[in-house]
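For reference, the structure discussed in these notes is given below.
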Amino acid sequence: FVVPLLCAATAYNRPNCDAWPANDEWETLRSLLTGELYGPFNNPSRDYSSRCMERPDDERTVIALKSGDGLCMHSHACANKYCQLSAPSNLPAYSVEAKSIADIQASLQFANAHNIAVSVKSSGHSWQSQSMHAGSLLIWIRHFPKYSEITNYTDSCDDTYTTVTVAGGENFDDIWQTVRSDYHMVTGFCQTVSMAGGWIQGGGMSWSARLYGFGVDQAVSFEAVLANGTLVEADACTNTDLFWALRGGGGGNFGIVTRLQYKLHPPTAVTELEFEYDGRPIVDDLLRVGGRREEFIR
């Protein structure tokens, strides 16, 4: 009695509901993908533990986020609702390792046809667990093909910028390898943060924002897949409402970003002030990311 009542009370189809797709329907989706379809996660908490927790501490936030069938999160509490260990699981029922735009489109069309909630995860670095949703079909784009190209990009307004081309699943660590000391790039703090994912679509706070503005101010153009599967581009002169929305206008729920053109600036001098607390140089720690301090403070 409880399961039918739960199915009737929720907006989306859920596992164990009568309308939930049968195994052969999931296999049909699998046959359409270039990436992998993982699941079903019949016991998400157990699956999470085996895929994400059985690693040394220093590997969990780097290696596990690239593996784990899409389940792993930067903060392990965020595998649960509200990032609370005592809360119920917030993990998906299936995950798609999207490796192409067609994979994303097929996943969205399948979810629409069966009224399944969709969650989108680029890196899994989310202290608010916004890249997970219980009982959803997760579209995981960490292994989407990388661009990491520096170019003079002209948008539909005929304005030209020096930009780096960023794929939806690329982290800051990926882009730093391309930009290095040739330019200044407005960045987040941690190397595992996805550059074109929730960071920029939530505003893009940065240590150099007072000089150049936030991450959203660096966005020149987005390529995104909408909820109906349509691939569009948005900039200051084309699909301007979507361009506004993807630049922090609502939490990143307006499309799945597959490509971003992002402004670069000339190398910028940085003044470093070092403070110590109890003998520990705290500013030095703040400026050190992944052992590459000299790249980060440029």
Side-chain angles (χ1 to χ4, degrees), residues 29-38 62-72 74 92 94-111 118-126 131 137-155 161-180 182-183 185 187-188 191-201 204 215 218-227 229-235 242 246 252 254-264 290:
L29 173 60
R30 189 191 306 274
S31 69
L32 299 175
L33 302 173
T34 56
E36 294 293 331
L37 174 66
Y38 297 110
V62 178
I63 296 177
L65 293 182
K66 297 180 181 179
S67 55
D69 299 350
L71 290 180
C72 300
H74 174 260
Y94 284 82
S95 70
V96 169
E97 180 190 21
K99 291 186 174 181
S100 66
I101 290 171
D103 285 353
I104 296 174
Q105 292 172 322
S107 302
L108 289 171
Q109 290 164 1
F110 184 86
V118 171
S119 51
V120 183
K121 191 179 88 167
S122 46
S123 71
H125 187 125
S126 172
S131 54
L137 174 59
L138 171 69
I139 299 178
W140 180 35
I141 57 175
R142 179 68 184 96
H143 297 294
F144 203 80
K146 307 297 187 292
Y147 294 112
S148 301
E149 297 174 346
I150 296 174
T151 183
N152 290 322
Y153 178 80
T154 302
D155 65 9
Y161 306 87
T162 300
T163 66
V164 59
T165 309
V166 182
E170 288 193 85
N171 292 351
F172 281 118
D173 196 36
D174 301 318
I175 305 302
W176 281 329
Q177 305 302 320
T178 299
V179 176
R180 294 191 175 273
D182 296 331
Y183 300 91
M185 179 175 67
T187 70
Q191 67 192 73
T192 52
V193 170
S194 173
M195 189 169 175
W199 177 78
I200 195 168
Q201 292 171 59
Q218 319 309 314
V220 172
S221 173
F222 292 96
E223 177 189 80
V225 181
L226 305 183
T230 303
L231 179 69
V232 299
E233 291 195 15
D235 61 26
L242 179 61
L246 291 175
F254 296 94
I256 300 176
V257 173
T258 53
R259 187 178 66 204
L260 164 68
Q261 297 292 343
Y262 194 81
K263 291 180 188 177
L264 297 176

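- Here CG of Asn152 is found 10.0 Å from CG of Leu264. Values are rounded to the nearest 0.5 Å.
- Note that OG1 of Thr165 is 8.5 Å distant from OH of Tyr153, once rounded to the nearest 0.5 Å.
- The distance from atom CD1 of Ile175 to atom CD of Glu170, rounded to the nearest 0.5 Å, is 3.5 Å.
- Under the 4.5 Å side-chain criterion, counting only non-hydrogen atoms from C-beta, Leu242 is not in contact with Phe222.
- A side-chain donor-acceptor contact under 3.5 Å links Ser123 to the backbone of Thr192.
- With sequence neighbours left out, Ser107 forms a side chain to side chain donor-acceptor pair (under 3.5 Å) with no residue at all.
- Across every non-hydrogen atom of Ala224 and Thr258, the tightest pair is N-OG1, 4.1 Å.
- For the 3.5 Å distance criterion, the side chains of Thr162 and Tyr183 fail to qualify, holding no donor opposite an acceptor.
- Ile101 places a side-chain heavy atom less than 4.5 Å from the side chain of Glu223.
- Taking NZ from Lys121 and CG from Leu71, the interatomic distance works out to 7.0 Å, rounded to the nearest 0.5 Å.
- For residues 96-105, no pair satisfies salt bridge (charged side-chain N to carboxylate O under 4.0 Å, His left out), with sequence neighbours left out.
- Considering all non-hydrogen atoms of both residues, Gly70 and Leu138 come closest at O-CD2, 3.2 Å.
- Here CG of Asp173 is found 11.5 Å from OG1 of Thr187. Values are rounded to the nearest 0.5 Å.
- Of the possible donor and acceptor atoms, one in the side chain of Gln105 sits under 3.5 Å from a partner among the backbone N and O of Gly229.
- The aromatic rings of Trp199 and Tyr262 are tilted relative to each other, their planes meeting at an angle between 30° and 60°.
- The side-chain heavy atoms of Pro92 and Leu137, taken from C-beta on, include no pair separated by under 4.5 Å.
- Residue Gln261 forms a side-chain contact (heavy atoms from CB on, under 4.5 Å) with just one option from Thr151, Asp235, Val164, Val166, and that option is Thr151.
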**Request:** Could you give me the CA-CA distance, side-chain angles and deciding distance for Val257 and Ile200, then say whether side-chain contact (heavy atoms from CB on, under 4.5 Å) is met?
**Result:** CA-CA 11 Å; Val257 173; Ile200 195 168; over 6 Å; no
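- Listed here is the closest heavy atom pair of Ile141 and Ser122: CG1-CA, 3.7 Å.
- Proximity of Phe110 to Leu32: side-chain heavy atoms (C-beta onward) are nowhere separated by under 4.5 Å.
- Nearest approach of Ser194 to Gly197, heavy atoms of both residues: OG-N, 3.4 Å.
- Residue pairs meeting the salt bridge (charged side-chain N to carboxylate O under 4.0 Å, His left out) criterion with at least one member in residues 141-154, sequence neighbours excluded: Arg142-Asp174.
- Note that the CD atom of Glu233 and the OG atom of Ser221 stand 5.0 Å from one another [nearest 0.5 Å].
- Leu29 approaches Ala106 most closely through the heavy-atom pair CD1-O, 3.9 Å.
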**Request:** Evaluate side-chain contact (heavy atoms from CB on, under 4.5 Å) for Ile150 paired with Asp182, printing each intermediate quantity in order.
**Result:** CA-CA 10 Å; Ile150 296 174; Asp182 296 331; 5.6 Å; no
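- Considering every non-hydrogen atom in both Lys66 and Trp140, the closest pair reads O-CH2, 3.5 Å.
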